[in-house]
Amino acid sequence: MNAAEISIVVAEDHALVRQGLRLMLSTESDLRWLADCGDGGQALELVRTLSPDLLLLDLGLPGLDGLRVMQLIAAERLPTRVLVVTARQDAASFHAALGLGAHGYLLKNDDADALVQAIRRVGAGGYHVSPELATLFGPREAPEEEELTARESDIAARVGRGLSSKQIGVELGISEHTVRKHRENIARKLGLRNAAELVAWSVRHRLPEA
């Protein structure tokens, strides 16, 4: 297997959608389809046994729903990253998925290029949020936002592009550890819980890059 390949399991309850995704992704040489399933229990078992790099996860699954699958993946400390692909556009589902550790949130009405881009970003250690959904990111009960420094703004803008801490460090010529410390400070200042929320915040505010 090519080291650059991203191995994928798809959990989607509509067989025709699964078939369409499989056909589409088969044209991408760096994406390797491992298996697919139609319910949450099967999804969890496939993640346990196959250890894919990425799980494409619908939220509206029979059996265990997508949110419960994410809870169990986190509880078992499974290394697979999760990209939610769903028709749900409500803020409650969006925030719940991010809170449970989703590394990306994509709408089913996004185009094929957006899906492939999201898979590559999340599979490489980054994050992706549909721009349409980023507008749902609103204030919660959190400290009043503090102003970001110029360096923090640079980093937040790159997080908004879905870059990982390692990739940001390379672009800015600083260590991955330093990037992570800046990200912690950004999250504290903005009252954010995780990197996916920072992606959503960055997309919504469209920060410029230095």
Side-chain angles (χ1 to χ4, degrees), residues 6-22 24-25 31-110 114-116 118-130 132-138 140-142 162 164 187 191-201 203:
I6 299 170
S7 58
I8 300 167
V9 164
V10 173
E12 160 62 53
D13 63 334
H14 291 94
L16 285 177
V17 175
R18 294 200 304 272
Q19 291 170 11
L21 286 171
R22 184 169 191 171
M24 184 190 73
L25 297 179
L31 306 181
R32 187 165 64 101
W33 184 285
L34 295 182
D36 62 76
C37 62
D39 69 68
Q42 290 178 332
L44 183 61
E45 189 58 31
L46 287 172
V47 169
R48 287 168 173 161
T49 57
L50 300 179
S51 296
D53 298 315
L54 187 65
L55 172 64
L56 297 187
L57 180 66
D58 187 17
L59 295 182
L61 296 173
L64 299 176
D65 68 15
L67 295 177
R68 181 60 177 156
V69 171
M70 281 189 285
Q71 283 181 326
L72 294 171
I73 287 174
E76 297 180 25
R77 299 181 182 276
L78 300 175
T80 296
R81 296 172 68 80
V82 177
L83 173 59
V84 171
V85 183
T86 183
R88 295 185 187 177
Q89 302 185 44
D90 61 288
S93 296
F94 179 59
H95 288 304
L98 299 192
L100 289 171
H103 301 93
Y105 198 110
L106 194 74
L107 293 177
K108 287 184 176 179
N109 60 10
D110 287 341
L115 174 61
V116 172
I119 289 172
R120 287 179 175 141
R121 280 184 174 177
V122 174
Y127 297 82
H128 183 92
V129 174
S130 291
E132 183 178 345
L133 279 172
T135 61
L136 293 175
F137 185 76
R140 300 183 314 274
E141 292 183 6
S164 66
L192 306 177
R193 295 173 295 182
N194 52 47
E197 287 194 351
L198 179 52
V199 172
W201 185 92
V203 170

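Only this structure's heavy atoms are used, side chains among them; waters, hydrogens and symmetry mates stay out.
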- Query: Would N109 and Q89 count as a side chain to side chain contact (heavy atoms under 4.5 Å, CB included) if you check the C-alpha gap in whole Å, the side-chain angles of each, and the deciding distance to 0.1 Å?
  - Reply: CA-CA 10 Å; N109 60 10; Q89 302 185 44; 3.8 Å; yes

- Tell me, with the steps shown, if I119 and L25 meet side chain to side chain contact (heavy atoms under 4.5 Å, CB included). CA-CA 10 Å; I119 289 172; L25 297 179; 3.8 Å; yes

- Do D65 and L59 pass the side chain to side chain contact (heavy atoms under 4.5 Å, CB included) test, and can you show the C-alpha distance, the side-chain angles, and the key distance before you say yes or no? CA-CA 6 Å; D65 68 15; L59 295 182; over 6 Å; no

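The two atoms that bring S164 and G125 nearest to each other are CB-O, 3.5 Å, heavy atoms only. In terms of heavy-atom proximity, L106 sits nearest to A114 at CD1-O, 4.3 Å. Minimum interatomic distance between D39 and L61 (heavy atoms only, all atoms of both residues): C-CD1, 4.2 Å. Nearest heavy-atom pair across T80 and P52 is OG1-O, 2.6 Å. Scanning all heavy atoms of the two residues, the minimum distance from M70 to A102 falls at SD-CB, 3.8 Å. Counting all heavy atoms, side chain and backbone alike, R18 lies closest to C37 at CD-O, 3.3 Å.
We find the CG-OG1 distance between L56 and T86 to be 12.5 Å, quoted to the nearest 0.5 Å. Here the CG-CG distance, from L100 to L72, works out to 10.0 Å after rounding to the nearest 0.5 Å. One finds the CG atom of D36 at 8.5 Å from the CD atom of Q19 (value rounded to the nearest 0.5 Å). Here the straight-line distance linking atom CG of L50 with atom CD1 of I8 works out to 13.0 Å at 0.5 Å rounding. Between the CG atom in L83 and the NE2 atom in H103 there is a gap of 10.5 Å [rounded to 0.5 Å]. Rounding to the nearest 0.5 angstrom, the gap separating the CG atom in D110 from the CG atom in L115 is 8.5 Å.
Of the possible donor and acceptor atoms, one in the side chain of R81 sits under 3.5 Å from a partner among the backbone N and O of G126.
For the pair D53 and R32, the salt-bridge criterion is not met [side-chain N within less than 4.0 Å of a carboxylate O]. Classification of R22 and E12 as a salt-bridged pair fails, no side-chain N sitting under 4.0 Å from a carboxylate O.
Geometrically, R88 does not engage Y105 in a cation-pi contact, judged by NZ or CZ lying under 6.0 Å from the ring centre and within 45° of the ring axis.
The shortest distance between side-chain heavy atoms of W33 and V10 falls below 4.5 Å. A 4.5 Å side-chain heavy-atom check between V85 and D58 finds every atom pair outside the cut-off.
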